[in-house]
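Take a look at the structure set out below.
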Amino acid sequence: MFNFDYYNPTKIIFGKERLAELRNLIPLNAKVMLLYGGGSVEKFGTLTKIRKVLGESISLEFGGIEPNPQYETLMRAVEIARTKKIDYLLAVGGGSVMDGTKFVALAACYEGDAKDILFAKSRKQVFTSALPFGTIVTLSATGSEMNNGGVISFGDGKYHFAQDVVFPHFSLLDPELTFTLPKRQIANGIIDTFVHVGEQYFTYPAHAMFQDRTAEGMLKSLTELSSKAVEEPKEYDTMANLMWLATLGLNGLIGAGVPQDWTSHMLGHELTALTGMDHGRTLAIVFPAVLKVLREQKRAKLLQYARRVWHIMEADEEQSIDFAILKTEDFFRSLEVPVRLSEYGYGIAEIESILQQLKTHGMNKLSETGLVDLDKCREILTAAI
Ligand code: NZQ
Ligand code: ZN
């Protein structure tokens with residue numbers, strides 16, 4: 001196992017009917033700005049409940065944060081937060097609202113150009129202050145509620161940032177708030193979680209027994225609950241399990257001390273930037289192709305996955321790996337999510353555009369080896385046609 005630092009200060013409040021506890025979670029006299037998305041939280045009554053609990057503590061509401069949140073939209077929120085001297089943010093929504101809120105929290109306290117936040121990773125810039133914030137999660141998918149990362153759309157790209165000052169102060173996870181999700185978003189969330197776990201697992205063995213077994217348990221649990229989640233989205237225990245899986249899938253726990261490979265996410269972000277496709281749906285296309293093309297470097301883990309997650313006991317290694325990747329694709333398809341670019345009408349022309357974007361964004365040393373260059377990316381994307 002590699003050396004690692006593990007830090008996660010986010011307090012989780014999990015379960016039914018816990019919104020009333022917001023009163024104790026947000027500092028007295030805080031000037032709160034509530035941030036939300038395109039209106040689902042208004043439509044389904046969540047905002048009304050929050051307003052009732054927090055009353056006059058809510059100084060401002062900022063709606064309209066779009067899926068794959070846009071820099072320009074968020075900068076409007078930053079301006080308002082500064083002008084009105086807001087000192088606490090409350091995100092109510094899915095990954096886009098939570099990520100957007102993290103960006104606002106950082107930008108509101110930063111005197112330089114807010115775009116620095118987007119480019120901080122390559123420049124190794126560390127931000128030391130941000131407005132404190134909490135989240136109320138309405139979509140189980142990204143894990144943003146218990147991590148320090150965010151993804152923001154700017155120009156022709158999606159930019160990932162990670163700063164320790166934007167771990168949420170608390171996250172309130174009430175599975176009932178996800179009962180209104182359409183099938184498509186539940187499916188997206190299951191796939192996103194599956195791939196988060198997968199990208200911390202499908203590398204090479206690092207003698208990390210707990211991380212491996214936990215990741216395998218998560219992958220298996222996702223396959224077990226998936227059909228019920230999309231068919232019966234008001235079944236509490238199913239949605240509760242999905243919610244906790246999504247949170248733990250990307251809160252640092254299973255990624256500690258092991259190699260990671262975020263190639264699928266990097267390619268997926270470019271695909272969203274080019275086509276507007278939902279995040280989870282891009283991963284259903286790219287992830288199986290990554291496993292196919294990088295099967296040699298991931299051989300030992302693919303075999304372990306085949307045995308432990310799918311109970312494939314073939315003596316022939318090649319066949320085991322083929323079956324395991326096929327099972328993965330079938331799993332995504334069972335959620336009515338396409339697994340090929342061509343199913344969306346995309347092909348060579350889009351691949352060339354994605355490669356151009358990857359080049360512009362400096363994404364040419366991907367994977368746990370750092371050896372996945374643009375040629376390898378072309379191979380992966382071609383396998384995804
Ligand atoms: O905007 P509203 O009207 O609220 O509707 C949203 C949106 O249209 C809707 N929705 C959310 N909760 C609902 C609901 N509809 C009905 N009932 C509810 N309870 O769902 C739609 C999608 O919402 P969004 O927040 O965009 O989805 P998701 O949670 O999948 O977030 C995707 C974003 O997160 C980023 C992605 O790149 C993408 O921008 N990610 C963030 C990560 C992180 N911070 O760690 C990691 C991930 O890998 C991912 O990259
Ligand atoms: Zn993701």
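Count residues from 1 along the sequence. Remember, it's 1-based here, ligands and their atoms both numbered in the order they're listed. Because the structure is predicted, anything quoted here is derived from the model rather than measured.
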Polar contact flag, side-chain donor to acceptor under 3.5 angstrom, [X]-[Y]:
| X | Y | answer |
| --- | --- | --- |
| S367 | Q297 | yes |
| N68 | K158 | yes |
| Q211 | Q200 | no |
| N147 | K102 | yes |
| Q357 | D156 | no |
| S57 | Y88 | no |

Non-hydrogen atoms closer than 4.0 Å to ligand 1: which protein residues do they belong to? List them by chain and number, please.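 Answer by chain and number: G37, G38, G39, S40, F44, P67, N68, P69, G94, G95, S96, D99, T138, L139, A141, T142, S144, N147, G149, G150, V151, K158, L177, T180, L181, P182, Q185, D192, H196, L250, H265, H269, H279.
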Which atom of H265 approaches the Zn ion (ligand 2) most closely (N/O/S): NE2
Between the Zn ion (ligand 2) and D192, which N, O or S atom of the residue is the nearest one?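 Atom name returned: OD1.
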Run the salt-bridge test on R51 and E42 with the 4.0 Å N-O cut-off and return the result as yes or no.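 The answer is yes: the pair qualifies as a salt bridge.
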H196 NE2 and H279 NE2 subtending at the Zn ion (ligand 2) (10° steps):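 Taking the Zn ion (ligand 2) as the apex, I get 170° for this pair.
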